[in-house]
Amino acid sequence: MSNERIALVDVNNFYVSCERVFDPRLEGRPVVVLSNNDGCVVARSSEAKDLGIKTGTPWFQIQSQAAGWGLVARSSNYELYGDMSARVMEVVGRYGTWQDVYSIDESFLGLVGDPAQLQAAGRDIRAAVMRHVGVPVCVGVATTKTLAKFANRIAKQNPALGGVCALEAMPPEHVAAIQGRVPASGLWGVGGRTASRLKMMGIESIADLKAADPALIRKKFSVVLQRTVMELNGTECIPHAEERADKQQIMFSRSFSTPVTTVAEMEQVMTVYAQRGAAKLNEEGLRTSSMTVTAGTSRFAGGEGSFPAATIRFVTPTQDPIVLVRAAVAAMRQSAIPGASYLRAGVMFHGLEPLSAPATLDVFGTGEPGPDVGTVLGDVRSKFGSMAIGIGIGGFAVAPAWSMKRELASPRYTTEWKELPILRA
DNA sequence: TCTGGGGTCCTAGGACCC
DNA sequence: TCTGGGGTCCTAGGACCC
């Protein structure tokens with residue numbers, strides 16, 4: 001058996017940790033980061049967790065108690081987090097035989113060595129990320145991705161381990177005892193629905209699931225859960241990211257700060273959202289053969305609500321923002337109900353293909369390639385800023401009433417010259 | 001008054017083909 | 001009472017993840 005193992009490295013409370021790098025006054029205090037429109041809590045410091053604040057808690061429900069708790073809230077600052085993520089991934093990647101970036105704050109890593117060497121590597125990674133980027137990480141090491149996730153969780157929950165847990169360095173009976181105690185729902189890939197169905201079969205703990213018959217699990221659930229069972233028993237079943245397919249869909253979707261009720265406003269929204277989606281296509285070097293536009297009223301209001309959705313297929317796949325904007329506006333004009341109080345909308349692209357792919361036969365002769373508008377817009381924006389140019393209402397100088405609210409935002413410390421942190425010595 | 005945004009993978013079922 | 005078999009492709013929806 002090879003002694004290559006899999007590490008899962010992730011940043012503790014990533015968004016909060018990013019905020020703390022640039023505002024050390026937040027150290028030791030309860031801190032939360034809010035979703036777009038300052039809607040609900042998406043990240044919490046350990047102190048905020050101790051206050052009993054849950055992920056997803058609406059900000060308006062706890063806002064009035066914040067001062068009494070000494071709780072600090074920040075709007076989410078994805079430019080900052082994205083840039084910090086790239087720095088963390090670069091440092092972590094130096095230590096692996098391979099690296100599979102799984103999310104904004106996690107990556108899997110190939111590590112070679114005996115249990116003691118793996119633990120030492122984990123400690124080196126922690127120290128390097130702290131020194132070079134300034135955020136704390138935890139490291140779990142095991143034989144499969146599912147077990148590495150489990151080990152990482154042990155590292156997080158036991159401060160005595162110093163943020164590193166190599167599963168094979170622990171006594172097996174100790175590991176078994178933990179697996180007997182922790183519910184299966186604590187595993188990667190086992191959500192609430194699956195957990196409650198498992199429970200009805202008498203499978204409650206991780207140990208129960210590990211001992212379950214993989215064939216039976218596949219029959220009653222799916223190949224996904226079967227893989228979890230096999231990974232718990234040390235058989236690798238989850239392929240690395242580079243072996244997985246290319247991106248399948250791209251979406252741009254946002255809720256509004258104030259409801260949209262008129263057709264004219266909804267057309268504005270589609271104009272802007274389709275352009276934002278088109279810009280993503282351009283960044284990825286893709287074109288789309290199918291676009292879905294959606295909108296929705298509040299899920300929390302009573303009554304039926306209105307959730308229009310329309311899909312447009314393009315005979316000739318396109319990345320042209322003018323084509324996409326026109327189609328999105330026309331589709332939504334037919335689907336949205338005038339007077340309904342819409343709180344969100346989105347644009348999704350499917351059937352993606354690289355721009356380098358051979359063009360589909362253009363039967364109707366409409367797709368004569370002119371200057372690539374998307375590329376021109378992208379170039380102008382990267383030089384002069386994201387609001388520098390746009391199509392139609394997308395080129396407004398003043399944000400419309402429905403646009404996003406971020407009242408508690410921190411500066412984009414690392415990606416905007418005008419917002420660099422200032423150091424006084 | 002105020003409740004996120006973006007993805008992945010799998011499965012079932014229908015359309016269509018020979 | 002009988003009314004193929006086998007295959008592909010596509011889509012919608014479910015479940016999960018961070």
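Order of the sequence lines fixes the chain letters, A, B, ..., with proteins taken first and strands second; residue numbering starts at 1 for each chain. None of these values were measured; they are calculated from a predicted model. Both backbone and side-chain heavy atoms feed into the values below; hydrogens, waters and symmetry mates do not.
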Task: Whole-angstrom distance between dC18(C) and dT3(B), as gauged at atom P - done: 25 Å

Taking any heavy-atom pair under 4.0 Å as a contact, classify [X]: base, sugar-phosphate, or nothing.
X: I104(A); value: nothing
X: Q249(A); value: base
X: I62(A); value: nothing
X: D105(A); value: sugar-phosphate
X: I250(A); value: sugar-phosphate

Side-chain N or O of [X] closer than 4.0 Å to phosphate OP1/OP2 of [N]:
X: R227(A); N: dC9(B); result: no
X: R299(A); N: dC2(B); result: no
X: S222(A); N: dC10(B); result: no
X: K280(A); N: dG6(B); result: yes
X: S76(A); N: dG4(B); result: no
X: K149(A); N: dC16(C); result: no

Open item on the list: Applying the 5.5 Å / 30° rule, does F60(A) stack onto the base of dT3(B)?
Closed with: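 Not stacked: fails the 5.5 Å / 30° test.
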
Task: Whichever of R218(A) and T55(A) has its nearest DNA chain B nucleotide further upstream toward 5' - done: T55(A)

- [ ] Sequence neighbours left out, what pairs pass side chain to side chain donor-acceptor pair (under 3.5 Å) with at least one residue falling in residues 187-207 of chain A?
- [x]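 Every side chain to side chain donor-acceptor pair (under 3.5 Å) pair that includes a residue of residues 187-207 of chain A, provided the two are not neighbours, is Y102(A)-W188(A), S205(A)-D208(A).
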
Mind calculating the distance between [atom1] ([X]) and [atom2] ([N]) to the nearest angstrom?
X: F307(A); N: dG13(C); atom1: CZ; atom2: P; value: 14 Å
X: F252(A); N: dG5(B); atom1: CZ; atom2: P; value: 9 Å
X: Q61(A); N: dC2(B); atom1: CD; atom2: P; value: 12 Å
X: L34(A); N: dT3(B); atom1: CG; atom2: P; value: 13 Å
X: I238(A); N: dC10(B); atom1: CD1; atom2: C1'; value: 14 Å
X: E407(A); N: dC2(B); atom1: CD; atom2: P; value: 15 Å
X: Y81(A); N: dG4(B); atom1: OH; atom2: P; value: 17 Å
X: K405(A); N: dG5(B); atom1: NZ; atom2: P; value: 13 Å

Looking just at side-chain N and O atoms, do [X] and [Y] make a donor-acceptor pair shorter than 3.5 Å?
X: S75(A); Y: N77(A); value: no
X: T414(A); Y: D83(A); value: yes
X: S341(A); Y: T261(A); value: no
X: N13(A); Y: S45(A); value: no

TODO: Enter the distance from L187(A):CG to L147(A):CG here, rounded to the nearest 0.5 Å.
DONE: 8.5 Å

Give the nucleotide from the list [options] with an atom nearest to the side chain of [X].
X: R313(A); options: dT11(C), dC17(C), dT8(B); result: dT11(C)
X: R344(A); options: dG6(B), dT3(B), dG4(B); result: dG4(B)
X: V223(A); options: dC10(B), dT3(B), dC18(C); result: dC10(B)
X: S253(A); options: dG5(B), dG7(B), dC10(B); result: dG5(B)
X: Y102(A); options: dG6(B), dC17(C), dG7(B); result: dC17(C)

- [ ] Once you apply the 3.5 Å cut-off to both distances, tell me the Watson-Crick or G-U wobble partner of dC17(B), or none.
- [x]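 dC17(B) is paired with dG6(C).
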
Open item on the list: Tell me whether R406(A) is salt-bridged to E79(A), with the criterion being a basic N under 4.0 Å from an acidic carboxylate O.
Closed with: no

Open item on the list: Please give me every residue in residues 188-196 of chain A whose heavy atoms get under 4.0 Å of an atom in DNA chain B, ordered by residue number.
Closed with: none

TODO: Could you tell me whether the side chain of Y342(A) and the main chain of I337(A) form a donor-acceptor pair under 3.5 Å?
DONE: yes

Task: Steps toward side-chain contact (heavy atoms from CB on, under 4.5 Å) verdict (I62(A), V41(A)) - done: CA-CA 10 Å; I62(A) 55 172; V41(A) 172; 4.1 Å; yes

